[in-house]
Number of protein chains: 2
Amino acid sequence: MTKRTYSISELSEEFGITLRTLRYYEDEALIAPKREGQARIYSTSDRARLIWILRGKRVGFSITDIREVLNMHYGKGGKEEQCRVTISACNKRIKNLEQQKKDIDETLEELSSLVDTMTIFMAENYPAANSI
Amino acid sequence: MTKRTYSISELSEEFGITLRTLRYYEDEALIAPKREGQARIYSTSDRARLIWILRGKRVGFSITDIREVLNMHYGKGGKEEQCRVTISACNKRIKNLEQQKKDIDETLEELSSLVDTMTIFMAENYPAANSI
DNA sequence: GTTGACCCTTACGTAAAGGTCAACTAAAAA
DNA sequence: TTTTTAGTTGACCTTTACGTAAGGGTCAAC
């Protein structure tokens, strides 16, 4: 068995985030590590949540968004109406993310065509330069 | 020929953003519409910049990022060192966006598997419900 | 018996991206 | 001529996502 718990600074180091950030996420009810006295003890499932949080952030989710999605995971199997709401919330997010992918593709195209243009320009005007 | 200029409220309406936002972008040197007296007159190229800005925002660029990229477009064909810097900045952004696409794909998978799970759960527990 | 490594909380600070509100101007409509 | 209408600036307000002290606890090591 690999290690089952993590201290705050272990997670902080592993993911390159500050202690403050981890505590902040707890304040915002995104993670709820056990305590040993006052000290936070993170489980592997806390760590999994953290991975979700960080990926959520990278795709532009707000703290509130992330909390909502995490709660969905936990809340699954509730009342009918609640399920329905969750599903439609998911679908909304999915649509957003798909739009975002399109936006990214368009941006990528523009950026690489800009790079192309400039590379050609460089080759014409500063041919002597080493091309590393 | 289609219309060549736009008022602030035309653009505001077309893109669903507020006047404040358009003025803010000008304050932040992202757009620089001509003036007719005091009133802002946006050209088609201002509008094109705006489209870039809004898409940039959707992919998570900050105002500062967007300004940088817009300046790249304008600055192309400058001094050698400047070109080099621009190209490497572009490449950096490209890498980021590619990572972001991966993150989005992962998130999409998790979200749709969540939807699947819940849909099955619904079908099992509340089969009577109409499935619209 | 103090030093150092970690840990804690409380609380004010801050940058980004606008919102909101007041007071003003200029042109157009009534 | 008065009143809309569309636009302007400037000032302050707000939220988000943390940063940054300030002050203190614990426990092993020297």
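Within every chain, numbering begins at 1; the chains are lettered A, B, ... in the order of the sequence lines, protein sequences first and strands thereafter.
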query: Any side-chain donor paired with an acceptor under 3.5 Å for A/D65 and A/S62?
result: yes

query: Looking just at side-chain N and O atoms, do A/S88 and A/N91 make a donor-acceptor pair shorter than 3.5 Å?
result: no

message: At a heavy-atom distance below 4.0 Å, what parts of residues 51-70 of chain B sit against DNA chain D?
response: none

field: Residue-phosphate contact under 4.0 Å: B/Y25 side-chain N/O, C/dG18 OP1/OP2
entry: yes

message: Once side-chain hydrogen bond (donor to acceptor under 3.5 Å, both in side chains) is applied, do any residues pair with A/N96, and if so which ones, sequence neighbours excluded?
response: none

- request: Take atom CG of A/L22 and atom C1' of D/dA17, then tell me their distance rounded to the nearest Å.
  value: 14 Å

- prompt: What's the CD-C1' distance between A/E28 and D/dA17, to the nearest Å?
  reply: 8 Å

message: Whether A/R55 and B/E109 form a salt bridge (side-chain N of Lys/Arg under 4.0 Å from carboxylate O of Asp/Glu) is what I want to check.
response: no

- prompt: Does A/S7 place a side-chain N or O at less than 4.0 Å from the phosphate oxygens OP1/OP2 of C/dC6?
  reply: no

- prompt: Can you check whether B/L11's main-chain N or O pairs, donor with acceptor, with B/R47's side chain at less than 3.5 Å?
  reply: no

Side chain to side chain contact (heavy atoms under 4.5 Å, CB included) between B/T64 and B/R67, worked out: CA-CA 5 Å; B/T64 312; B/R67 180 169 40 228; 3.8 Å; yes

Write down the protein N/O and nucleotide N/O pairs, taken from nucleotides 8-12 of chain C, whose separation is under 3.5 Å; answer none if there are no such pairs.
| from | atom 1 | to | atom 2 | distance (Å) |
| --- | --- | --- | --- | --- |
| C/dC8 | OP1 | A/R40 | N | 2.9 |
| C/dC8 | OP1 | A/R40 | NH1 | 2.7 |
| C/dC8 | OP2 | A/R23 | NE | 3.2 |
| C/dC8 | OP2 | A/R23 | NH2 | 2.7 |
| C/dC8 | O5' | A/R40 | NH1 | 3.2 |
| C/dT9 | OP1 | A/R35 | NH1 | 3.3 |
| C/dT9 | OP1 | A/R35 | NH2 | 3.3 |
| C/dT9 | OP2 | A/R40 | NH1 | 3.1 |
| C/dT9 | OP2 | A/R40 | NH2 | 2.8 |

message: Under 3.5 Å for both donor-acceptor distances, Watson-Crick or wobble: does D/dA21 have a partner, and if so which one?
response: C/dT10

query: Would you say a side-chain N or O of B/T21 is under 4.0 Å from OP1 or OP2 of C/dA17?
result: no

